[in-house]
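What follows is a short report on a single structure.
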Amino acid sequence: MSFRHAGGAAPGPGAGEHLIAARNRWSRAVLDFEGVASEAWCSLEARIAWDAEEEAGHALDFALVGFDFLAADGSGLDLDHVPGLARSLLDPHSAWIPGPAYQPAGSARTRTAALRIAFRVPAPACHLAVTVRSWRNTHPFTIVDARLRQAPDRDDAPGTRPRRLGPEAEPLRLDLVPGAGLVLRGQIYAARPDEHAARARIAYADAEGASIAPPYPDTVSVPGFGAVINLGAHQQTRRFTLNLKPPPGAASVTVAFERWEDADARDAVDLLAAPEIALEDDLRLESLCGDDVLDAPGFLERLGAALGLPPGARAAWVPDQAEAAAAPRALLALRTLQGLARPVPIPEDGALALRLAGKPDWPLPAAPEWREDPFRSVAWRLEYQSLAWLAGLRPPAEAAGTAGRDLAIRLAVGWSRANPWGQPADPLSLHPEALATRADALTDLLAAPLEAEAADVLVGEIVRHGFALAEIVGQGTLSHSLLQVRAAAALTGIARALPRLPLASYWDSLARTALAGSFPAALSEPALHRRLEVLTLGRALAAALDGAAPGPEIAGRVAAALPALSALLDPTGRLPPFGDSPAGIDHGAWLARLSAGQALVARLDAVPAPGPAIDAEAGTLAARADGPERGWSHFACTFPGQSPQGHADCGSFVFAAQSRRWIVEAGGSEQAETGPARHYLLSARAHNVAILDGAEPAAGRGRLLGSLALDGGSAHAIGTSVHGPDLRHVRTFVLLDDLAGVAVIDRFAGRGPLAFAGRAHLAPDAVLALSDPRRVLAQAEGRRLALVPLALDGAAAGVEILCGRDGRPGTMEGFLARGGGGLRPGNVLRYAFTGRDSVCGGLLIVVENGAEERLNRLLAGETLMRFLAGA
């Protein structure tokens with residue numbers, strides 16, 4: 001490892017020490033690591049030490065670590081996604097170091113803490129530059145003994161590798177804005193630099209789809225190939241920009257990235273990510289707005305001039321009511337299927353009250369300023385600024401039917417005038433989620449009779465939203481999230497609601513191109529509630545696209561994924577609350593609306609299918625059982641990939657028996673949005689997982705290693721990489737067929753002493769008590785549950801009942817999320833084990849004595865012991 005310093009950073013007094021000064025962004029140490037293996041999980045480990053007078057201890061963004069992945073020759077790689085890291089502007093990818101208050105127990109005394117940032121090294125990276133930057137710190141801090149550890153095996157997770165180019169490729173087809181150029185930016189990687197590494201084959205067509213023969217501007221006509229742009233690579237990586245200048249009459253362009261036919265097959269060339277797509281600079285939102293504060297009609301006038309249209313041409317862009325009514329509004333349809341599209345009654349006195357994001361009723365001012373934040377809630381502000389509630393305005397039953405629509409139009413026009421582009425009343429209104437939903441809400445208003453002035457404002461505002469959404473979609477920054485799908489869905493609605501807008505056809509093709517890649521990526525969402533949102537939006541999108549690509553593919557994916565999600569419902573109709581999941585959602589009713597009579601959701605009183613339901617691709621395992629005397633039982637666990645931006649719940653589980661929930665998730669609520677409460681709910685301490693040596697699990701993923709049928713039960717082994725790349729961890733669940741009892745067994749193998757502690761969060765009304773040193777009893781409503789720690793390899797290290805242990809954010813334990821926001825104390829059982837080189841132990845959870853005996857008999861059997869040892 002080599003290193004560099006800049007901006008006031010300097011070597012520390014000891015070997016391997018780097019002192020970072022308190023200079024936001026500028027003070028930094030750059031650590032260079034060579035010989036990194038691609039497609040394997042990696043862990044950056046170090047220690048951080050801070051000053052006794054540090055004032056930014058409660059800052060979650062105390063310091064920033066940037067990551068730049070390099071090819072073998074040192075050239076940089078532009079990668080759209082690295083598991084475990086976030087895209088950023090200052091560095092290609094990054095991760096935050098939270099302040100001293102968020103560090104583990106004991107760190108306050110020594111003012112030092114261990115750091116571990118895990119990530120999956122993307123192909124074809126061979127080297128890595130890590131930049132540790134000053135951010136919120138008010139005094140210098142020190143990074144000590146930084147090192148990189150890698151897993152010995154590559155990760156075979158699909159969908160994260162670059163696209164290998166061949167002599168023929170699936171082309172990218174885009175409609176054009178008349179008279180405007182198109183810009184594509186991307187990067188290729190060549191195993192060996194070559195002046196003819198790849199090519200971009202270009203073909204234009206007119207409005208009827210007939211080919212326009214080359215030559216084209218800035219291309220080379222090659223016999224047998226058509227028009228091409230050569231992509232040479234003088235280094236292993238080559239960033240390219242294609243400035244496409246369509247010939248007269250061109251309405252669409254097809255671009256195919258390919259290798260030359262005579263290239264050596266051993267010299268692979270990859271397209272590292274889908275290229276960024278944008279209009280030429282004169283038609284970018286920033287260029288159109290400039291430094292002026294433009295209202296919506298003024299923006300339309302500026303756009304007409306940029307397109308070279310005569311004054312007054314924008315009048316033709318206003319759609320008639322039938323055109324606007326026929327346009328898809330997928331995000332409003334999503335809210336309807338979710339059950340969120342509730343009517344907002346308008347009282348006789350006009351004093352409108354809004355109930356948003358689960359908060360109490362709030363009286364809307366007669367003239368809103370659009371910067372209101374009565375509940376200090378990010379979720380409330382997002383829903384308020386989305387204007388989705390405008391679609392639900394309903395007048396009194398005896399009033400005229402247009403009163404609600406007239407009020408909605410007045411409020412929408414008022415919002416536009418209070419939010420000139422570049423000067424929003426509330427900056428959160430520019431969040432992609434609010435931006436996309438608001439575009440749908442504004443488009444919905446075009447289906448009503450409009451006065452000319454209101455139509456001019458609404459169309460101008462919708463077009464501005466279209467430009468913003470097109471740039472979000474074209475850049476691909478959010479391509480691995482639900483936000484990209486939302487943005488593309490809203491852009492589709494705008495394009496089809498304004499069919500005579502010169503940009504409409506381009507926006508529609510751009511959105512459909514983005515959906516083809518972003519929707520499958522969004523389906524990997526680990527939170528089940530969010531995954532249901534993705535599938536619901538997919539159903540709305542498939543209907544909106546009406547057979548156009550990628551609508552049929554999206555419909556097929558939704559149809560294939562819904563039954564597996566439906567199988568995770570407990571008998572009361574709720575999905576397990578893994579990840580972010582609002583309280584009080586009736587997922588069964590939601591799925592019933594979504595299934596639209598396709599019998600995807602089983603009746604709650606139906607006999608469950610025998611055996612657990614396993615979806616290894618989605619990372620879920622669930623089982624149900626019903627008995628006339630015991631009532632219903634339910635078990636579920638989650639093991640998809642996790643990242644620092646989400647919940648550390650890989651391997652967590654929930655368990656219900658005797659028709660009541662016993663083992664619950666502490667961190668399922670979205671109401672705790674920021675600060676220590678949010679940080680705690682994301683941490684492993686808020687989930688039913690094992691924590692090794694007191695160190696929080698980091699980014700990684702789980703995978704099903706195998707299942708084993710037993711006499712009266714089954715065992716399921718899940719391997720995870722969240723505890724470090726050179727340590728083996730397997731969590732095995734043993735389930736009795738009638739779910740009268742389950743066992744959760746963790747095995748860790750490594751070098752040296754090992755100690756881990758598992759956690760089980762009990763329902764808030766359950767009382768925990770020690771029956772004896774080896775048994776804990778939970779009691780609620782006259783029913784009992786026994787929790788029995790069991791050591792299989794190593795020694796038991798005791799049990800502890802935690803409830804509301806407060807103090808520094810990094811030491812919080814024993815809390816559950818409160819439905820209305822914040823935290824409430826709850827009982828948590830902590831059970832621990834120690835060993836050397838390997839340790840194995842777990843917890844038996846039983847509702848009757850006979851179940852404990854059956855579990856012990858299975859665990860003592862040779863078949864299961866071999867399975868536990870070999871998984």
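Remember, predicted model here, so these are calculated numbers, not experimental data.
- Side-chain N/O atoms of His647 and Asp580 include a donor and acceptor closer than 3.5 Å.
- For the side chain to side chain contact (heavy atoms under 4.5 Å, CB included) with Gln642, the qualifying choice from Pro83, Pro697, Pro526 is Pro697, the only one to do so.
- Residues Cys840 and Phe833 fail the side-chain proximity criterion, which asks for heavy atoms closer than 4.5 Å.
- Of the listed residues (Trp135, Phe141, Trp96), just one forms a ring-ring contact (aromatic ring centres under 6.0 Å, His included) with Phe62, and that residue is Phe141.
- Using modelled atom types, one finds a donor on one side chain and an acceptor on the other under 3.5 Å when comparing Ser107 with Arg808.
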Run the side-chain donor-acceptor check on residues 789-798: report pairs under 3.5 Å with partners two or more places apart or on a different chain.
residue: Asp793; atom: OD2; partner: Ser838; partner atom: OG; Å: 2.7

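- Taking all atoms of both residues into account, the shortest heavy-atom contact from Ala522 to Val534 is O-CG2, 3.8 Å.
- In this structure the side chain of Ile117 never reaches within 4.5 angstrom of the side chain of Leu115, judged on heavy atoms.
- Counting heavy atoms from C-beta outward, Arg531 and Thr620 have side chains that approach closer than 4.5 Å.
- A donor-acceptor distance shorter than 3.5 angstrom exists from the side chain of Asp51 to the backbone of Glu53, with no hydrogens or angles considered.
- Looking at every heavy atom in both residues, Thr720 comes nearest to Cys650 through CG2-SG, 4.0 Å.
- Using modelled atom types, one finds a donor on one side chain and an acceptor on the other under 3.5 Å when comparing Asn137 with Ser134.
- Checking Gln235 against Thr237 by side-chain atom types alone, no donor-acceptor pair falls below 3.5 Å.
- Between Leu64 and Asp91 the shortest side-chain heavy-atom distance falls below 4.5 Å.
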